[in-house]
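Each chain gets a letter, A, B and so on, in the order its sequence line appears, and its residues count up from 1.
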Amino acid sequence: MPKLPPRFNFTEVEAKWCKYWEDNHTFHATPKPDKKPYTIVIPPPNVTGILHMGHGLNNTLQDIMARYKRMNGFETCWMVGTDHAGIATQNVVEKQLAKEGKTRYDIGRDEMLNRLWAWKEDYGGTIINQLKKLGSSCDWDRLRFTMDDGYSQAVKHVFVELYKKNLIYRGKYIINWCPRCQTALSDEEAEHKDTQGNLYHIKYPFKDIPNHFVTVATTRPETMLGDTAVAVNPADKRYQDLIGKILVLPIIGREIKIIADELVDPAFGSGAVKVTPAHDPNDFTMGTRHNLEFINIMHPDAKLNKEAGKFEGLDRFDGRKAVIDTLKNLELIEKIEPHIHAVGHCYRCNTVVEPYLSKQWFVNMKPLAKPALKAVVDGTIKFYPDRWTKVYINWMEGIRDWCISRQIWWGHRIPVWYCGTCEDHPIVSETIPTECPHCHSKDLKQDEDVLDTWFSSWLWPFATFGWPGNTFNEIASSQKAVSRNDDLKYFYPTNSLFTASEIIFFWVSRMVMAGYEFMGEAPFKDVYIHGTVRDAKGRKMSKSLGNALDPLEIIAEYGADALRFSLIMNSGQDLFISKEKFEGGRNFANKIWNASRLILINTKPENRKISAPPQTNDLASQWIISKFYTTLTEVNTAIEGYRFSEAENLIYDFFWKNYCDWFLEISKNKFSDDKVQQTAFFILKESLRMIHPFMPFVTEELWENLTENDIPLSLDSWPKTKSEFLNVAAIDQMDTLINLVSVIRNIRSQWHIKPQEEIECYFAAVDSYSKTLLKDNSETLTSFLKLKNFQLHDKLPTHKDAASGVVSSTGGQPIKFTIPLGELVDLAKEKAKMQHEIMLKEKSAAGISQRLKNESFVSKAPADVIEKEQARLIVLIQETKELQEVLKNLQ
RNA sequence: GGACUCAUAGCUCAGCUGGUUAGAGCGCUGCCCUCACAUGGCAGAGGUCGUAGGUUCAAGUCCUACUGAGUCCACCA
């Protein structure tokens with residue numbers, strides 16, 4: 001018999017099973033015709049990532065589902081890998097370079113890429129190892145990276161396909177520009193934050209009317225240097241006569257026209273707006289419409305260029321001050337008002353982004369959005385919780401084109417070449433072209449830019465399984481069956497996706513679009529959106545705030561099982577986490593451990609070879625078996641409905657309260673009984689299965705010590721629900737016993753009763769109990785017990801638990817005790833139920849009769865309604881009488 | 001400006017389709033080192049379910065308004 005120490009040594013155990021699972025490829029999945037697949041793809045963490053609580057939660061959720069499905073006989077593949085995270089990774093390496101006093105331009109593109117790959121080799125696996133420590137049951141043999149050769153091929157292929165379908169185009173538009181990262185960003189990558197700024201009202205003088213001005217309002221006065229018009233609403237009476245008049249742009253002296261455009265809101269500011277077509281999306285639209293000049297006043301680093309005249313070389317914010325000062329001196333500032341407005345910030349470096357005119361590649365999203373929208377509207381794809389459905393739909397309906405080119409080096413280089421002689425025809429190709437197809441020139445240059453990281457992530461559910469691979473030449477257009485390799489055939493579409501709400505637009509929605517476009521079907525069926533992990537004060541956890549709890553520290557101090565357990569316990573919505581919360585998980589793991597020790601010490605090996613619940617007359621045994629199966633059913637429902645915290649609560653309650661506190665305590669004095677041993681062991685074993693997805697390490701270790709099974713618990717089966725073991729009578733009787741014992745304990749505790757005084761205590765308790773239960777029938781229970789010749793123990797055994805004392809008083813035959821109680825309580829329950837019913841009926845009747853007396857009701861209500869109410873009243877009164885009659889006869 | 005979420009014990013939250021006495025964990029109080037576990041056991045105190053209306057025989061649960069907290073979206077310069 002193995003001996004277990006009194007403490008669960010998680011450090012050792014976790015290391016042992018991490019290694020075991022990995023060495024044995026426990027979680028490697030391959031297509032198996034006789035099994036159903038279950039697939040989850042991990043939201044690939046950034047290579048730059050280090051495990052934070054959000055990862056902890058996200059991956060625990062996935063792992064619970066994966067282990068649950070695996071144990072339920074599904075060939076479960078949890079696809080794993082990392083994302084190259086273009087801007088983030090490049091930023092990290094650029095910081096390293098900066099320490100050497102260099103920039104990426106100093107070392108050149110090739111050397112920079114070498115450094116990036118070297119960094120990836122050195123540190124890119126960090127988060128993967130951390131995921132392993134969490135106990136994640138990923139298919140580690142399939143580990144992918146978004147810049148793998150095969151994956152890169154998929155990205156190129158997608159670009160070329162979309163280009164062929166006219167869904168990718170290149171053009172000069174206003175995009176979000178990060179002056180620090182010096183790259184374009186998509187709309188989603190610009191985070192709008194309310195910022196305190198000013199609204200500057202500037203007077204623009206007329207060319208021909210001295211001392212007359214038009215006032216315009218702006219939050220970014222420096223952009224006035226690039227103004228090429230002033231616009232008013234065509235319906236605005238104040239300005240109708242002025243349309244077409246010429247103004248002189250202050251400082252610069254450019255002559256600009258007053259134009260009329262619907263875009264202008266007459267109610268805002270003065271109703272006249274300066275138009276800077278190269279620095280504002282609205283103005284860009286107007287500029288195009290009115291054929292205005294597009295004057296770019298900034299360098300890519302947001303320093304003002306020569307168009308800014310004397311301000312050339314100033315940073316945009318210094319430029320702003322300088323422009324205002326100059327205008328003040330010219331007495332052209334009418335007023336400056338404080339103004340809160342949403343300003344875009346780079347999601348990678350938090351720099352204020354600049355709306356900037358530049359030539360970029362875009363994806364035409366509307367055609368892609370169509371099937372993706374339909375799938376969610378018609379329920380093919382479901383969100384859990386449901387409210388995210390609306391968020392997704394809103395975004396899809398208002399979808400805008402996606403800027404996918406980035407002016408950085410780390411990523412998939414855009415597969416487009418430009419010919420030195422005939423520039424107008426970009427060569428879009430999956431392979432490196434040798435000559436220009438138009439003029440046969442060999443002077444070809446590849447586009448300098450790389451693709452948005454998300455342009456590779458959106459292919460994750462199928463590119464990871466080898467797409468396009470051998471399906472390369474057989475891609476069908478959307479909505480048609482697609483030829484697939486074995487893995488794709490088997491594992492795609494995937495089943496569930498687990499992610500955070502911030503990622504819905506970046507990733508979830510785009511994966512759906514890509515799924516339909518390239519695979520002809522949705523990439524997953526369910527999307528589970530979990531909450532954000534916050535600190536105890538409700539702030540997002542972040543390094544800069546210094547409030548981040550490091551999951552690895554928690555694992556070291558409390559164990560991975562504890563981390564997982566406590567995260568899930570709090571995962572109903574957003575989580576507020578502090579260190580103490582993990583004690584609960586640690587304590588539960590320890591409880592499981594010690595319950596197992598008790599069983600191991602007290603059961604004979606032959607009683608541990610049991611695969612079905614034993615047939616037994618023992619009430620507590622019948623009860624715990626019953627309880628286990630009802631709990632199991634509820635747990636199944638909760639997990640299938642993605643209600644993990646509920647599932648965990650059910651399990652916790654069952655194991656701790658029912659199994660340990662009641663069943664084991666009662667059974668302690670009866671452990672010589674083989675049947676009791678068998679029950680205790682069987683329920684423990686089944687509980688370990690049920691706990692395993694939540695706490696894989698402690699359960700795996702105990703499984704090894706308790707069973708002679710060769711396969712790890714990870715690959716064993718989930719308990720089967722068995723309705724035949726649902727024993728309602730046992731549950732009822734045990735409830736009664738629990739109630740009785742609680743009352744006894746209550747009195748014992750309040751009166752500070754000593755063991756020698758037990759007899760009186762017991763009778764007092766019984767009386768008290770009967771009062772509680774039978775109200776005005778306080779004699780019933782006592783006399784009933786006497787009638788049945790029931791003898792109470794004269795002394796409480798010197799045992800800590802009153803429950804064992806009471807039960808053992810019948811000499812190991814609790815059934816003697818509980819049958820009379822059960823009968824009695826059935827009666828009492830029946831009565832209580834009836835009394836309640838009578839009360840409800842009386843109340844209803846009172847309500848209705850009051851209504852019928854209400855004059856306005858009688859006069860206004862239609863006749864048939866009144867009749868109905870009267871009929872109901874009569875029925876209610878009749879029923880009440882009948883019930884009261886029955887109740888009388890019972891007593 | 002639109003949309004959404006939340007408001008229940010000192011704290012963090014359950015309470016799914018309205019129906020017996022509103023639950024748990026932590027914290028708090030009292031009693032227990034008892035041979036699985038003090039990371040434990042037993043008992044207890046603590047709630048007019050944000051405010052005001054409404055629907056209903058019946059509302060923490062449904063509706064409306066308000067207040068407070070938070071999140072997302074949006075081209076009002």
Side-chain angles (χ1 to χ4, degrees), chain A residues 4 6-8 174 192 199-200 216-220 223 231 263-265 267-270 272-276 280-285 339 341-342 355 385 387-388 390-391 394-395 398 501-502 504-505 532 534 536 538 558 562 566 569-570 572-578 580-581 583-602 637-638 641 643 645-646 649 652-653 657 660-661 664-665 668 741-742 745-750 752 797-803 832-833 835-837 839-851 869 872-873 876:
Chain A
L4 302 178
R7 275 276 185 280
F8 168 45
I174 297 271
H192 289 271
L199 193 56
Y200 302 88
V216 296
T218 179
T219 52
R220 293 185 297 148
T223 62
L263 226 48
V264 181
D265 175 5
F268 188 89
S270 62
V273 57
K274 60 190 270 314
V275 182
T276 323
D280 183 278
N282 274 340
D283 297 5
F284 176 81
T285 315
H339 183 70
H341 59 139
R387 65 191 152 94
W388 298 105
K390 206 171 167 185
V391 174
N394 284 346
W395 187 82
S501 58
E502 302 99 88
I504 294 177
F505 308 139
T532 310
R534 297 167 186 283
Y558 298 93
S566 296
M569 198 57 126
N570 292 288
Q573 41 186 64
D574 280 5
L575 302 84
F576 298 82
I577 293 296
S578 57
E580 305 80 59
K581 294 233 161 163
E583 285 174 11
R586 177 200 59 186
N587 295 356
F588 188 47
N590 194 245
K591 191 73 184 176
I592 299 165
W593 184 259
N594 276 293
S596 304
R597 286 181 69 219
L598 177 78
I599 300 300
L600 211 46
I601 293 164
N602 287 295
T637 314
R643 296 192 308 273
S645 60
E646 187 184 320
N649 254 305
Y652 177 84
D653 215 53
K657 302 282 159 204
C660 292
D661 285 352
L664 289 184
E665 288 303 334
K668 268 179 182 170
V741 170
S742 294
R745 285 167 171 175
N746 181 351
I747 288 175
R748 202 159 152 260
S749 171
Q750 278 181 33
H752 302 285
T798 52
H799 212 275
K800 67 172 168 180
D801 194 275
K833 223 175 170 182
Q835 271 164 352
H836 176 65
E837 222 169 295
M839 189 200 73
L840 284 181
K841 284 191 196 291
E842 278 172 345
K843 270 191 183 169
S844 301
I848 292 172
S849 67
Q850 200 170 17
R851 228 176 149 198
E869 292 288 77
R872 254 179 88 193
L873 184 63
L876 277 172

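- Judged by atom type and distance alone, A:Glu665 reaches the base of B:A36 through a side-chain donor-acceptor pair under 3.5 Å.
- Phosphate proximity of B:G23 to A:Lys657: absent, as no side-chain N or O sits under 4.0 Å from OP1 or OP2.
- Picking from B:C37, B:C72, B:G40 the nucleotide with the shortest atom distance to the side chain of A:Phe505 gives B:C72.
- Between A:Arg220 and A:Asp280, some side-chain heavy-atom pair lies under the 4.5 Å cut-off.
- Partners of A:Phe505 by ring-ring contact (aromatic ring centres under 6.0 Å, His included), not counting sequence neighbours, listed by chain and number: A:Trp395.
- Atom NZ of A:Lys581 and atom C1' of B:G25 are 9 Å apart (whole Å).
- Relative to the side chain of A:Asn590, the nucleotides B:A77, B:C37, B:C16 differ in distance, and B:C37 lies closest.
- Residue-level contact check: A:Phe8 touches neither bases nor backbone, having no heavy atom under 4.0 Å from any strand.
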Could you write out RNA chain B as a dot-bracket string, with dots for unpaired bases, | for bases paired across to another strand, and Watson-Crick or G-U pairs counted at under 3.5 Å? (((((((..((((.....[...)))).(((((.......))))).....(((((..]....))))))))))))....
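- In this entry the distance linking CG of A:Asn570 with P of B:G25 reads 14 Å, nearest Å.
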Can you give one letter per nucleotide of nucleotides 1-6 of chain B, 5' to 3': B if a protein heavy atom sits under 4.0 Å from the base, S if only from the sugar-phosphate, - if neither? --SSS-
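- Comparing atom distances between the A:Asp661 side chain and each of B:C42, B:C13, B:U39 picks out B:C42 as nearest.
- Listed nucleotides B:A74, B:A77, B:G41 differ in distance to A:Ala342; the shortest reach to its side chain belongs to B:A74.
- The side chain to side chain contact (heavy atoms under 4.5 Å, CB included) test with A:Leu598 is passed by exactly one of A:Ile601, A:Asn602, A:Asn594: A:Asn602.
- A:Arg7 has no side-chain polar atom (N or O) that falls below the 4.0 Å cut-off from OP1 or OP2 of B:C37.
- Closest to the side chain of A:Pro281, from the set B:A36, B:A77, B:C75, is B:C75.
- Listed candidates were B:A36, B:C73, B:G25. Nearest to the side chain of A:Tyr652 is B:G25.
- Checked against B:U39, B:C37, B:C75, the side chain of A:Asn282 finds its nearest nucleotide in B:C75.
- A:Ala267 comes within contact range of no nucleotide atom at all, as no heavy-atom separation falls under 4.0 Å.
- In terms of phosphate contacts, A:His339 brings a side-chain nitrogen or oxygen within less than 4.0 Å of OP1 or OP2 of B:A77.
- Within the 4.0 Å cut-off from OP1 or OP2 of B:U39, not a single side-chain nitrogen or oxygen of A:Asn594 is found.
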